[in-house]
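As C-alpha cells, the structure follows; a few thoughts come after it.
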Amino acid sequence: MLASPLHDVLACALGWLAIGLVGVFQPRNFWLVTRVLFPLGAIIGLAIAATALAAIFSPPSSLVLPLGLPDLPFHARVDALSCFFLLLLGSVSAGVSVFAAGYFRRGEGTPPGLQCLYYHVFLSSMALVLVADDAYFFMVVWETMALSSFFLVTSDHGSAEIRRAGFLYLLIAHLGAIAILLCFGALQSGTGNYTFETMRAVQPTPLWATAAFLLALVGFGAKAGIVPLHVWLPEAHPAAPSPVSALMSAVMLKTAIYGLLRVTFDLIGWPLWWWGVVALVIGLVSALFGIVFAAVQTDMKRLLAYSSIENIGLVMAGFGLTILFKAFSMGALAALALTATLYHCLNHAFFKSLLFLATGSVLHATRERSLGKLGGLIHRMPWVAWTALVGTIAIAGLPPLNGFVSEWLLLQAFLFTPGLPHSYLNMLVPVAAAMIALTAALSGYVMVKFYGVVFLGQPREAKLAEAHDAGIRERIGLLWLAAGCVVLGLAPVAAIGLIDPIARAFTGHGLALGGAAGWLMLAPISAERAAYSPLAVLLMIALLVTIAWLSVRLFYHGRMRRTAAWGCGFPHLDARMQDTAEGFGQPVSVVFEPFFRVDQAVPSPFDAKPRYRQSLDDRLWHWLYLPVVRAVDKATALVTVLQRGRISVYLMYSFATLLVLLLFVR
Amino acid sequence: MSMATLMHYAPQVINLLAALLLLLAFAMLAQRRIQLLINLFAAQGLVLAASAALVGLVSGQHHLFVSAGITLVLKVVVLPLILHWLIRRLNVKWDVETLFNIPTTMLIGIVLVILAFNVAQPISLLAGTVARSTLGIALAAILLAFLMMITRSKAVPQVIGFLAMENGLFFAATSATYGIPMVVEFGVALDVLVGALILGIFIFQIRERFDSLDTRHLEKLKEQ
C-alpha cells in the first residue's frame, strides 16, 4: 500500500509495463513467460481490483505526474467511476492472465516474450485510460491501447485474412481517435486548457456540448462497436488469440463506455434530452442487429463477437435511458438506468471473457473454430463444458446468474418511462422495451445454439475423440470467471452497492436498497412494484431438481441406462442426423431476411452431387463502406495521372514549379 | 601588378569568367559525347574556382580561398575522375540521345537565360558586391543545367546535370553574398560527393536491372 489509491493504481500499471519489458529481453524463454510473467500479471490484476474496491467509496484524488511534455504534464485522477472500471479490469484480467499462462503454446506466431509485452502494455494502457485526467494523457494511452491491441490481433500475421482484419481494426480505431480528439477540442470551450478539471468547470454552450457529445458517440462508439461502426469487431475478435479476444471484448469495449459516461455525465454534466434518444436508438439497433447476426454465424468466435455487439447495444440503450431521465430531472430513475448500464458492463465482462476463453480451450483441443465440425465435447472436456455452461446461462439472461439481474434492471427502467414528460417518447418507449425483450429472447436462442452445437450431441468429426481437457492454469482462469458470474448473480445488492457512489455522483440519487431484507431482496424502486431475490430462485431450482431426482429414484428404482443423446430409441443414430449450426440459424435468417445480403446457390433437382451453398453478408458493408472505398480509389486514380514513370517528366514538374515561382516572386 | 590595377580590372575579369561559365553551360547542353561532357564539367569547375578565388582576393573574404580550393579538388579533379571511371566501367561511349533535338534545346535555353536575367535584376540591385551583375548568369546556369537533366534520357548525363546545377548555385552564392558560411560550404561539398556516389550506385543498379542506362526504362515501374 502506497500513499493513496491513485499511487497504487499507477504502481500496478508500471508493474504491468515492467513485466512486458522483461518479456522483451527473454522473447524465447517459454518457461519464464508462461510460468512467471503471466501469473505475475494476474496478481497485479488482483491488486488493482482490490485497490479499486477499497477506494470506490473514498473521495476522488488527483495527481500531476512528472511525465509528459514541458509545461504540459500528465494529470491523473481516480473517482468512483474510474474505480468501478478498474475493478472490472483487474478482476477480469486476473482470470484471463492465469488462463493465458496456460494458453500460449510454443511456436505459434509471435514469440511468447513479444506477446507478453503487447499483452501487458495493453493491460497497462487500459488502466491508465481509466485514470487519465487530461485530454493529452488520455489520447496518448488511448492510442497505446489501440496499437498494442492491434499487434495482439495480428499476432498470427502469417495469414492474409488476419492482416486484413488488423488493418480494418486499426483504421476504424484511428477514425474514432480523431473524433475523440475533436470532442476534447469542443469541450475545452476556447480556454486552451485541456485538463478534465477545466472541462468540468466550464459550461459549454448547447451547440458545442452537442458537437462534443456526437463526436464522443462516434469516437467511443467506434471502439465499442456500435452499428454502423461495428465492422471491425467480428473480424478482429476471431483473428486474435482467445485470451486477447476475451480482454478486448470484456474490457476494451468497456473503456469506450467509460469514455462515453465520463464525457457525458462528468465533463459536459447536463445532457440534452434528445441525446438520450439518439443513444437509445443506436443501442437498440446494435442490440437487435448483433444478436440476429450472431444467430446465423457458423464460427464460434464470430458468434461471440456479434453477441458482444448485442451486449454493447444493451449497454448503450441503458446509457440513452439514463440521459433521458437525467435531462428530465428524474433522478431516482436515472440512477436505476445508470445502475443497470454499469451492472451490465460488469456482467458482460465476466461472462463474455469466460465464453471466449472456453472457445480458446476448444480451439486448442480440436484445432476447429467452425461449429459444423464440433459437437459432443462435454464428455471430452468436462471442465471447459461446465464452466462454459455457467457463462452460457449467464449470457442468455436466465436466473439466478448475473445476466438476468442486469437485463431485469434495464427492463424495469424501461417500464418506468411512461412518467416522461414527452408524449412522443411515451409512445415510442414501449416499442423499445419490446425490442429489448426480443433481443433477450434471441440471445437465449443463440446461446442454446452455441452450447448445444459445441458441447452437446455427438462429435461431428472423428478427431474430436482425441480432444483433451484444459490444463490446470486454464481451469483456474475459467473457474475464477465462472465464480464471478455466480457471485454477481447471487449478490446483486452488494454489486449495486458498488455502483451506488457513481449513481449518486452523476444523478444525485441512489437506489433505495434499505429495508429489513435489503441484502436478500433486490427492489430497485419499491418492493410493492417489483422485487427479485436470486437466492430464493436458486433455492427453488435446487428444490425442484431434488424432487425430480428423488421421484425418479422412487418410481424407477434408480435404474440407469446410458445411451446416445437425443436417440429417442432409434438405434442407428449418427452425427449427421443432428441439427447443424446452419440449420439452427435458418429460422432467424428467414424471419430477419432484410438484415442480410443473401448469396446462395441451390442445386438443381437432377444434380447427382448436390451442393448447397449460402453466405449471409452484412448489408451495411455494401451500403456504407464499399462506396467510401470506391470513392477513395477514384480520387487516387485522378492523382495517378501525375505519375508517368519518367524521370524527365518528374524533373519537368519541379522545373515548371521553379519557373512559376521565380516569375511569381518577381 | 599593383593592388590598385588588380582592383581596377577585377570586376571585368569576374564578368569574363561569368560569361565563360554561361558559355560552358550552353556547350554542355549541346554536347553529345559523354567524355567531352565530363571535360566541359571539369572546365566549368575550373572557372568557378578561379572566380571564387578572385572574389576572395578583391573583397578580402579569405575563407573564399578555401572554398575555391575545395571546388578545385572536388569538381576539377575528383568528380571528373569518378565519372570517367564510371563510364569506362559501364562501357558507355556512345553518343547521348536527347529527348528533343539540339537546336530546339538551345532555343529553349536562350529563353531561359532571358528569363533568368529578368528575374535576377531586382535582386542584384540590392546586392552590394563586386560581382552582383553576375547573379543573372548564375541563375541562368542553374536553369540550363536543370534543362539538361530534363532533356537527357541516359543516367550519366543526368548526374552531370545535377552536379552542374550545384556549380550554378555555388556561383550565385559567391557573386551575390561573398559565399556562404564555411560550415554550409563543407556540408554542400560533402553532399555533392555523396550524391555523386549514390547516383553512381543507382546507375549500376539501373544497368543491372534493364541492361541499359536509359532511364526511360524506369517507366515500367509505374503502377498500372
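These figures come from a predicted structure and were not determined experimentally. Naming convention: chains lettered A, B, ... in sequence-line order (proteins, then strands); numbering from 1 in each chain.
- The local environment of CZ in F26(B) is crowded, with over 12 non-hydrogen atoms from other residues, nucleotides or ligands closer than 6.0 Å.
- Taking the side-chain hydrogen bond (donor to acceptor under 3.5 Å, both in side chains) definition, one finds that T104(B) meets it with N101(B), sequence neighbours left out.
- Of the residues L147(B), T151(B), I150(B), the one that meets the side chain to side chain contact (heavy atoms under 4.5 Å, CB included) test with L651(A) is I150(B).
- The environment of CZ in F162(B) is sparse: at most 12 heavy-atom neighbours from other residues, nucleotides or ligands sit within 6.0 Å.
- A 6.0 Å sphere centred on CZ of R613(A) holds more than 12 heavy atoms belonging to other residues, nucleotides or ligands.
- For L112(B), the part lying under 4.5 angstrom from a heavy atom of chain A is the side chain only.
- Contact check for L115(B) versus L659(A): side-chain heavy atoms found under the 4.5 Å cut-off.
- Note that the CD1 atom of I142(B) and the CG atom of L658(A) stand 8.0 Å from one another [nearest 0.5 Å].
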